[in-house]
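Right, one structure below, let's go through it.
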Amino acid sequence: MRWSKSFIPTVRETPADAEVVSHQLLLRAGMIRQLASGLYSFLPLAWRVMQKIMTIIREEMNRIGGQEFHLPALHPAELWKESGRWEIMGENMFRLRDRRGSELCLGMTHEEVFTAIARHELRSYKQLPQVWYQIQTKFRDEPRPRSGVLRVREFIMKDAYTFDLDWEGLDRAYRNQYEAYCRIFDRCGLKYLVVHASSGAMGGQESAEFMVLTDAGEDHIALCEACGYAANTEKATSRILDIADADGLPVPEMFPTPGVRTIKDLEDFPGGAPADRQIKTLAYFLDDQFTLLLLRGDHELNETKLVEATGAMHIRPAHPEEIKAALGAYPGSIGAVGVTAYPILADFALRGRRNMVTGANRDDFHLRGVDVERDIRVTKWADLRLVKMGEGCPQCEGTLTVRKGLEIGHIFKLGTRYSESMGAYVLNQEGKAVPLVMGSYGIGVERVMAAAVELSHDAEGIIWPITIAPFQVILVPVNMADAAQRAAAERLYTDLLAANIEVLYDDRDERAGVKFKDADLIGIPIRVTIGPQKLARGQVEILRRRTRAVEDVALETALTRIRKIIEEETREVLAR
RNA sequence: CGGGGCGUAGCUCAGCCUGGUGAGAGCGCACGGUUCGGGACCGUGAGGUCGGUGGUUCAAAUCCACUCGCCCCGACCA
């Protein structure tokens with residue numbers, strides 16, 4: 001490709017509203033442009049990268065027996081009503097009506113449609129297992145699109161679905177996908193982590209996320225260096241030290257705490273208590289049921305765990321006025337002692353604790369000497385706590401650190417969640433109808449591209465892993481006005497093309513500095529420079545973007561050498 | 001949805017607080033010239049409904065109201 005004929009609109013200055021590195025660099029490299037909030041156009045350079053990623057994905061999916069489909073993005077509402085997700089997805093789903101008034105939605109994911117195909121067509125265990133996938137656009141009306149291409153409302157996802165007769169089959173399918181994912185991300189040159197995850201709105205039993213560690217990510221991952229435990233904090237558990245409580249009072253005692261509203265206030269208040277001796281009381285509505293949630297004062301609620309523990313579909317914190325009406329006090333003075341009218345969920349960390357301090361349900365008063373199990377009618381104990389940096393690993397004696405991660409892939413063991421709700425059954429060997437056991441597996445294509453940028457860039461621009469780079473080689477004659485340089489460049493260009501090497505030929509009539517800056521910015525792994533001095537000696541210069549290592553080679557042997565370097569670079573991507 | 005911020009040339013921004021000078025700068029773009037291995041220099045030029053609507057005023061980019069859009073921080077997910 002000749003640069004002079006290409007559309008590669010690089011920009012010098014970083015656009016003001018780009019915060020994360022991948023957003024800034026993809027914009028500056030002339031790869032993406034924003035159309036509206038959460039909607040991006042992919043320009044030719046970006047599309048080349050995405051196609052390479054998709055090719056790698058296809059190869060690995062096909063390798064494990066995957067069969068590629070292409071399903072509609074527009075779905076009838078009935079399908080989603082059958083699975084129950086028409087309600088669950090709420091505002092995140094784009095909904096519309098056709099001219100006859102029928103309800104439709106834009107697909108957020110494709111469990112429903114694939115299951116609908118499966119239930120019509122799969123009848124016998126003899127047809128199993130099946131591994132189906134597609135690479136297709138998904139629509140999600142995100143409450144807050146952000147970080148460039150990382151969180152958007154329309155994106156390309158590779159989604160795969162497996163159908164098996166039984167759980168052993170699903171385990172195998174899941175394992176295959178897991179390994180395929182590892183190969184995909186390895187080949188894309190990403191350094192990633194596999195973490196235990198919550199399955200959220202997808203439902204199902206077990207799930208794992210593929211994460212790239214970067215501050216641009218939105219997830220928090222708890223890691224143990226000692227044993228390798230890694231979990232999304234939505235799911236993570238931890239070991240915390242037992243606290244030995246002194247004997248308390250025979251009965252809780254109310255005391256005035258004027259102005260005390262927070263855990264911190266009460267710590268500082270004379271006669272108060274350290275955070276780990278306080279009971280934090282939160283009021284939530286769980287599907288319209290007012291509920292009290294109890295945690296240790298220094299612990300934070302994990303809403304994902306709350307949803308999983310209760311099965312609630314919609315949760316929200318209660319408003320101050322609602323709390324006042326229910327308990328007789330405003331937040332800051334509420335507690336669960338003596339409360340019988342509402343369910344009370346308590347975190348395991350409060351079990352057996354005595355001599356605690358909590359709100360008295362009277363503004364500006366607290367209770368001391370509270371023995372949790374004696375004084376509070378807990379309806380359910382659960383793990384509700386968000387793990388924190390520095391707590392103990394749940395699997396070994398190590399310590400957890402918490403780091404930010406970007407989710408690039410997620411695999412789920414769905415089980416029979418969809419096959420049962422949507423009636424996808426096959427006959428087994430005994431002639432008995434059994435629900436298909438399903439798995440679902442997703443990769444965000446744009447995120448893979450952005451993650452590569454987040455992980456691999458420098459002050460000058462992007463450094464693409466050669467496996468997904470838009471071009472393998474960029475050829476830059478330093479001065480197009482020099483006939484000798486131009487002739488040499490044209491010849492090498494023709495040779496590279498003939499050798500099937502992906503080359504971007506910077507034939508623009510620009511100064512060398514401009515070309516070098518642009519080459520660095522768009523991140524082509526191998527730069528071949530043709531300049532006056534070296535050319536006079538019959539040589540060209542080869543520079544590697546990542547290491548900046550430079551070597552001069554004879555013009556005649558350049559092609560061979562470049563081929564060799566491409567092989568080396570490719571090997572290095574896989575080795576990293 | 002709650003909180004914060006921003007909309008002036010293709011891009012980055014100044015001007016606004018304290019209304020009134022011919023709406024500006026740098027970069028980019030076009031043309032001419034000199035340059036030519038790390039975003040060159042000189043000259044000339046094109047380019048704007050100051051996000052939109054309404055209002056206040058003799059006078060609005062500037063003040064007020066409404067509205068649209070975008071970004072960032074918190075609850076969702078590839």
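We use all heavy atoms of the structure for the numbers below, so side chains are in, but hydrogens, waters and symmetry mates are not. A, B, ... follow the sequence lines: proteins, then strands. Residue 1 opens every chain.
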If you measure from the ring centre of A:Phe516 to the centre of the six-membered ring in the base of B:G39, is it under 5.5 Å, with the planes under 30° apart? no
In whole Å, what separates the P atom of B:G7 from that of B:G45? 31 Å
Identity of whatever pairs with B:C6 - Watson-Crick or G-U, under 3.5 angstrom: B:G69
Inter-nucleotide P distance (B:G51, B:U12), Å rounded: 15 Å
List in numerical order all residues of residues 293-310 of chain A for which some heavy atom is under 4.0 Å away from an atom belonging to RNA chain B. A:Glu303
Checking side-chain contact (heavy atoms from CB on, under 4.5 Å) between A:Leu293 and each of A:Ile315, A:Leu301, A:Thr281, A:Thr310, which is the one that passes? A:Leu301
A:Tyr505: ring-ring contact (aromatic ring centres under 6.0 Å, His included) partners, not counting sequence neighbours: A:Tyr493
Over all strands shown, is A:Ala18 touching base, sugar-phosphate only, or nothing at heavy-atom distances under 4.0 angstrom? nothing
Distance in angstrom units between A:His220 NE2 and B:A75 C1', rounded: 12 Å
With a 3.5 angstrom cut-off on both distances, give the Watson-Crick or G-U wobble partner of B:A30, or none if there isn't one. B:U44
Rounded to whole Å, please give me the gap between CZ in A:Arg140 and P in B:C77. 8 Å
Given the ring of A:Trp86, does A:Arg95 sit roughly above its face, with NZ or CZ under 6.0 Å from the centre of the six-membered ring and within 45° of the axis? yes
Integer-rounded Å distance: B:C73 P and A:Glu218 CD: 8 Å
Using a 3.5 Å cut-off and no angle test, enumerate the donor-acceptor pairs between side-chain atoms of residues 143-150 of chain A and protein atoms at least two apart in sequence or in another chain.
residue	atom	partner	partner atom	Å
A:Arg146	NE	A:Glu218	OE2	3.1

Checking A:Gln134 against A:Met157 for the side chain to side chain contact (heavy atoms under 4.5 Å, CB included) test, could you report, in this order, the C-alpha distance in whole Å, the side-chain angles of both residues, the deciding distance, and whether it holds? CA-CA 8 Å; A:Gln134 64 171 344; A:Met157 179 161 96; over 6 Å; no
A:Leu406 CG - B:C77 P separation (whole Å): 16 Å
Sub-3.5 Å pairs of nitrogen or oxygen atoms, protein against nucleotides 26-33 of chain B:
residue	atom	partner	partner atom	Å
B:G26	N2	A:Glu13	OE1	3.2
B:G28	OP1	A:Arg12	NH2	3.0

According to salt bridge (charged side-chain N to carboxylate O under 4.0 Å, His left out), does anything in residues 299-310 of chain A pair up with another residue at least two apart or in another chain? List the pairs. A:Lys305-A:Asp383
Scan residues 467-485 of chain A for pairs that pass salt bridge (charged side-chain N to carboxylate O under 4.0 Å, His left out), counting only residues two or more places apart or in two chains. none
For B:A59 versus B:G19, give the span between their C1' atoms, rounded off to a whole number of Å. 8 Å
Mate of B:A59 across any strand shown (Watson-Crick or G-U wobble, both atom pairs under 3.5 Å) is none
Salt bridge (charged side-chain N to carboxylate O under 4.0 Å, His left out) against A:Glu322, all qualifying residues, sequence neighbours excluded: A:Arg316
Once ring pair (Phe, Tyr, Trp, His ring centres under 6.0 Å) is applied, what residue pairs with a partner in residues 12-36 of chain A remain, sequence neighbours excluded? A:His23-A:Tyr40
When you measure from every atom of RNA chain B, which of residues 468-488 of chain A have a heavy atom less than 4.0 Å away? A:Val478, A:Asn479
By the 4.0 Å heavy-atom rule, please label A:Arg527 as base, sugar-phosphate, or nothing. base
Expected output: side-chain A:Arg417 to main-chain A:Ser83 donor-acceptor under 3.5 Å: yes
Nearest-Å distance for atom pair CE/P, residues A:Met211 and B:C77: 12 Å
Using a strict cut-off of less than 4.0 Å between a Lys/Arg side-chain nitrogen and an Asp/Glu carboxylate oxygen, indicate whether A:Arg486 and A:Glu490 qualify as a salt bridge. no
If you go through the side-chain atoms of A:Asp219, does one of them form a donor-acceptor pair with the base of B:C77 closer than 3.5 Å? yes
Here the salt bridge (charged side-chain N to carboxylate O under 4.0 Å, His left out) pairs for residues 7-32 of chain A, sequence neighbours left out, are none
What is the distance from CD of A:Glu321 to C1' of B:G2, rounded to the nearest Å? 16 Å
Quick one: ring-ring contact (aromatic ring centres under 6.0 Å, His included) partners of A:Phe69, sequence neighbours excluded? A:Phe114, A:Trp132
note: A:Glu234, atom CD; B:A75, atom C1'; distance rounded to Å ~ 11 Å
Report which part of the nucleic acid A:Val152 touches: base, sugar-phosphate, or nothing (heavy-atom distance under 4.0 Å, all strands). base
Can you check the A:Glu209 CD to B:C76 C1' distance for me, whole Å? 12 Å
hbond_proxy A:Arg146 side chain to B:C71 base (donor-acceptor, 3.5 Å cutoff): no
Please classify the nucleic acid contact of A:Ser207 as base, sugar-phosphate, or nothing, using heavy-atom distances under 4.0 Å. nothing
Would you mind pulling out the nucleotide paired to B:A25, Watson-Crick or G-U wobble, both distances under 3.5 Å? B:U12
Students often get this wrong, so: under 4.0 angstrom with heavy atoms, is A:Pro143 touching a base, only sugar-phosphate, or nothing? base
Regarding A:Pro317, tell me which of base, sugar-phosphate or nothing describes its non-hydrogen contacts under 4.0 Å with the strands shown. nothing
For A:Glu407, report the nucleic acid contact type (base, sugar-phosphate, nothing); a contact means any heavy atom under 4.0 Å. base
Could I get the full list of ring-ring contact (aromatic ring centres under 6.0 Å, His included) partners for A:Tyr330, not counting sequence neighbours? none
Nearest to the A:Arg151 side chain among B:C70, B:C72, B:C76, which nucleotide is it? B:C76
Donor-acceptor pair (no angle test) under 3.5 Å: A:Arg28 side chain, B:G39 base: yes
